[in-house]
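Since the structure comes first, as structure tokens, the remarks are kept for the end.
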Number of protein chains: 2
Amino acid sequence: MAAREYGQYCGVTRALELVGERWAMLIVRDLLVGPRRYGELAAGLPRIPSNILATRLKELQECGVIRRAPRSRVIVYELTPYGRELEPVVLALGAWGFKAMGDPREDQVITPDAMTMALRTAFREDIASTLPATSYVAHLGLAELLVRVDGPRLDVSRGDGPVDLAFATGPEVRLLLSGDLSPERAITTGAVEILRGPGRLLERFTRTFHLAA
Amino acid sequence: MAAREYGQYCGVTRALELVGERWAMLIVRDLLVGPRRYGELAAGLPRIPSNILATRLKELQECGVIRRAPRSRVIVYELTPYGRELEPVVLALGAWGFKAMGDPREDQVITPDAMTMALRTAFREDIASTLPATSYVAHLGLAELLVRVDGPRLDVSRGDGPVDLAFATGPEVRLLLSGDLSPERAITTGAVEILRGPGRLLERFTRTFHLAA
DNA sequence: CCGCATCCCATGTGATACTG
DNA sequence: CAGTATCACATGGGATGCGG
């Protein structure tokens with residue numbers, strides 16, 4: 001059970017001893033979106049074996065990265081304050097890995113929590129501050145995200161609601177975020193389907209959210 | 001040989017598929033300091049089995065993170081431009097892991113490359129810019145680092161030379177970087193030994209390099 | 001049902017030895 | 001010096017079971 005060690009007195013090795021095991025960082029990624037139950041984590045990580053999930057949850061608790069939410073009737077896992085400090089790591093990993101994402105394969109899913117963190121990664125706080133407050137609903141296969149941008153603040157939650165623009169898309173969202181697919185073309189080619197609201201707001205979306213490819 | 005996949009269309013998972021295997025990020029860490037030969041990498045990662053090192057080097061080449069340096073007579077590994085973009089990830093990991101570093105154990109070593117990256121992590125560019133150019137030699141067990149700070153620029157290399165301040169220390173350098181041990185106390189208690197130059201420059205060192213604990 | 005625990009097998013890892 | 005080869009073992013993956 002003792003985490004395998006690297007035998008070095010170094011911050012990077014220490015970090016990897018805590019969250020470097022397979023699946024661990026993905027549990028952290030999903031918990032960065034919000035507290036989650038065991039089943040919710042399992043649903044967000046479709047290919048994780050249940051014994052591994054249970055083991056990781058135990059290890060991450062032991063080393064102070066996550067905890068069971070106190071005074072909650074049901075069992076809910078959440079990040080500790082120290083665990084929440086992993087956000088810069090996850091964002092940096094996401095930005096780097098984004099550039100290596102090819103086209104999606106059949107066996108790859110887009111989960112709501114992964115997409116939420118991707119939007120946080122792509123969020124341009126400085127640019128958003130110059131734009132009027134805007135809310136979006138983005139349908140991405142399974143994920144249905146309510147995205148509210150207000151100045152430098154970003155809030156992403158699940159669900160639907162009254163928003164300025166609602167649109168549906170698929171994995172093409174990657175090209176939209178990287179700028180390889182213009183909002184106009186995305187609409188005319190059908191890569192993005194406008195559900196409600198003026199389609200021109202999609203351009204504002206792409207200015208608010210951008211990731212280099 | 002095909003990297004184990006997570007089955008998600010997501011930047012974080014893609015990144016972990018490329019550099020999430022055990023030891024991979026540490027190879028990247030050391031190559032961020034500079035190109036290295038096979039034997040140098042093995043020396044910087046004392047506990048890595050040779051077959052694992054060989055395997056990782058092959059995988060990292062295949063996925064475009066590292067390469068054998070071209071037109072070099074001997075075999076030298078270096079990061080590709082894309083691999084070099086992992087620096088923010090390694091720095092973020094190092095900063096986070098630093099907070100979880102306890103006191104060093106007998107079986108833990110401090111390697112020159114790990115220490116170099118730790119200094120890069122701790123470097124306060126903005127503060128350094130306000131201070132006069134200063135060069136240091138830091139002896140840390142095996143590691144003997146020549147640290148040159150000139151405005152916002154930092155250069156760390158191995159070796160010795162004429163510098164403003166030369167000092168020797170051990171794992172206590174962690175307390176020095178976190179501010180839990182003041183430069184004065186470090187000198188009076190012998191945690192830091194001044195070899196050459198005025199000891200008061202150690203205070204400038206700690207202002208230039210700082211990591212939150 | 002939810003939150004795991006158990007079992008079994010495939011694969012990855014680690015230590016050591018060895019080679020071009 | 002820069003890796004392979006080999007083998008024992010730990011970990012991961014997938015299916016299944018099971019108590020609260």
Side-chain angles (χ1 to χ4, degrees), chain A residues 1-8 13 16-28 30-31 34-63 66-70 72-78 107-109, chain B residues 1-8 13 16-28 30-31 34-63 66-78 107-109 113:
Chain A
M1 183 69 61
R4 283 181 296 174
E5 311 200 347
Y6 286 103
Q8 302 193 3
T13 52
L16 293 175
E17 285 163 3
L18 299 184
V19 293
E21 300 287 303
R22 194 162 160 75
W23 293 105
M25 196 71 87
L26 298 181
I27 294 172
V28 171
D30 285 4
L31 289 181
R36 292 284 180 269
R37 303 190 52 171
Y38 182 95
E40 295 176 312
L41 289 170
L45 278 8
R47 301 240 290 238
I48 196 175
S50 65
N51 56 345
I52 300 293
L53 176 55
T55 303
R56 291 291 172 271
L57 289 174
K58 228 175 291 176
E59 292 166 349
L60 290 172
Q61 283 176 82
E62 276 170 17
C63 66
I66 70 172
R67 68 182 167 207
R68 291 171 127 138
S72 167
R73 219 169 33 74
V74 294
I75 298 176
V76 178
Y77 295 95
E78 64 181 13
D107 59 341
Q108 293 185 315
V109 299
Chain B
M1 182 70 59
R4 283 181 297 173
E5 311 199 348
Y6 286 102
Q8 302 192 4
T13 52
L16 293 175
E17 284 163 4
L18 299 184
V19 295
E21 301 286 303
R22 193 162 159 76
W23 294 106
M25 196 72 86
L26 298 181
I27 294 172
V28 171
D30 286 3
L31 290 180
R36 291 286 180 267
R37 304 190 52 171
Y38 182 96
E40 296 175 312
L41 289 170
L45 304 166
R47 301 240 289 237
I48 195 175
S50 64
N51 55 348
I52 300 292
L53 176 55
T55 303
R56 291 290 172 272
L57 289 175
K58 227 174 294 176
E59 294 166 348
L60 290 172
Q61 283 177 81
E62 277 169 16
C63 66
I66 71 173
R67 66 182 170 208
R68 290 169 126 132
R71 57 185 157 288
S72 168
R73 218 168 35 72
V74 296
I75 298 175
V76 178
Y77 295 94
E78 65 181 13
D107 58 341
Q108 292 185 316
V109 299
D113 287 347

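Here is the naming used below: chain letters follow the sequence lines, and residue numbers restart at 1 for every chain. These figures come from a predicted structure and were not determined experimentally.
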### Phosphate OP1/OP2 of dG12(D) contacted by R56(A) side-chain N/O (<4.0 Å)
yes
### Query
dG12(D) phosphate, OP1 or OP2: any side-chain N/O from Y6(B) under 4.0 angstrom?
no
### Query
Out of curiosity, L26(A) CG to R47(A) CZ, how far, rounded to the nearest 0.5 Å?
12.0 Å
### Task
Name the closest nucleotide to the E21(B) side chain, picking from dT4(D), dT13(C), dT11(D).
dT13(C)
### Any Q8(A) side-chain heavy atom under 4.5 Å of P46(B) side chain
yes
#### Entry: R37(B) or N51(B), whichever maps to the more 5' nucleotide of DNA chain D
R37(B)
### Message
OP1 or OP2 of dG13(D) versus the side-chain N and O atoms of R22(A): is any pair under 4.0 Å?
### Response
yes
### Message
Quick check: closest heavy atoms across S50(A) and Y38(A), and the distance to 0.1 Å?
### Response
O-OH, 3.1 Å
## Note on the structure
Between CD of E5(B) and C1' of dT11(C) the distance, given in whole Å, is 15 Å
### Summary
Whichever of S50(A) and I48(B) has the more 5' nearest nucleotide on DNA chain C, that residue is S50(A)
### Query
Roughly how many Å is it from OH in Y77(B) to P in dC1(D), rounded to a whole number?
14 Å
### Query
Given I52(A) and R22(A), is the side-chain contact (heavy atoms from CB on, under 4.5 Å) satisfied, shown in steps?
CA-CA 9 Å; I52(A) 300 293; R22(A) 194 162 160 75; over 6 Å; no
### Query
Q61(B) CD to dA2(D) C1': how many Å, rounded?
13 Å
#### Entry: Nearest-Å distance for atom pair CD1/C1', residues I52(A) and dT11(C)
12 Å
### Length of the line joining L45(B):CG and dA15(C):P, which is rounded to integer Å
13 Å
### Nearest-nucleotide pick for W23(B), side chain only, options being dG14(C), dT4(D), dG14(D)
dG14(C)
### Message
Using five pairs at each end of the helix from dC1(C)-dG20(D) to dG20(C)-dC1(D) to define an axis, what is the angle between those two axes, to 10°?
### Response
30°
#### Entry: Length of the CG-C1' vector between L53(A) and dG14(D), whole Å
14 Å
### Message
Starting the side chain at C-beta, find the nucleotide from dG14(C), dA2(D), dG12(D) nearest to R68(B).
### Response
dA2(D)
### Task
Starting at atom CD of E17(A), determine the distance to atom C1' of dT13(C), rounded to an integer number of angstrom.
16 Å
### Query
Is there a side-chain contact (heavy atoms from CB on, under 4.5 Å) between L60(B) and L31(B) once you walk through the steps?
CA-CA 12 Å; L60(B) 290 172; L31(B) 290 180; over 6 Å; no
### Message
Measure CD/E59(A) against P/dC4(C) and give the value in whole Å, please.
### Response
14 Å
### Query
Hey, are the side chains of Y77(A) and R68(A) touching, using non-hydrogen atoms and a 4.5 Å cut-off?
yes
### Note, I27(A) side chain near V19(A) side chain (heavy atom, < 4.5 Å)
no
### Shortest side-chain distance from K58(B), nucleotide among dC4(C), dT13(C), dT4(D)
dT4(D)
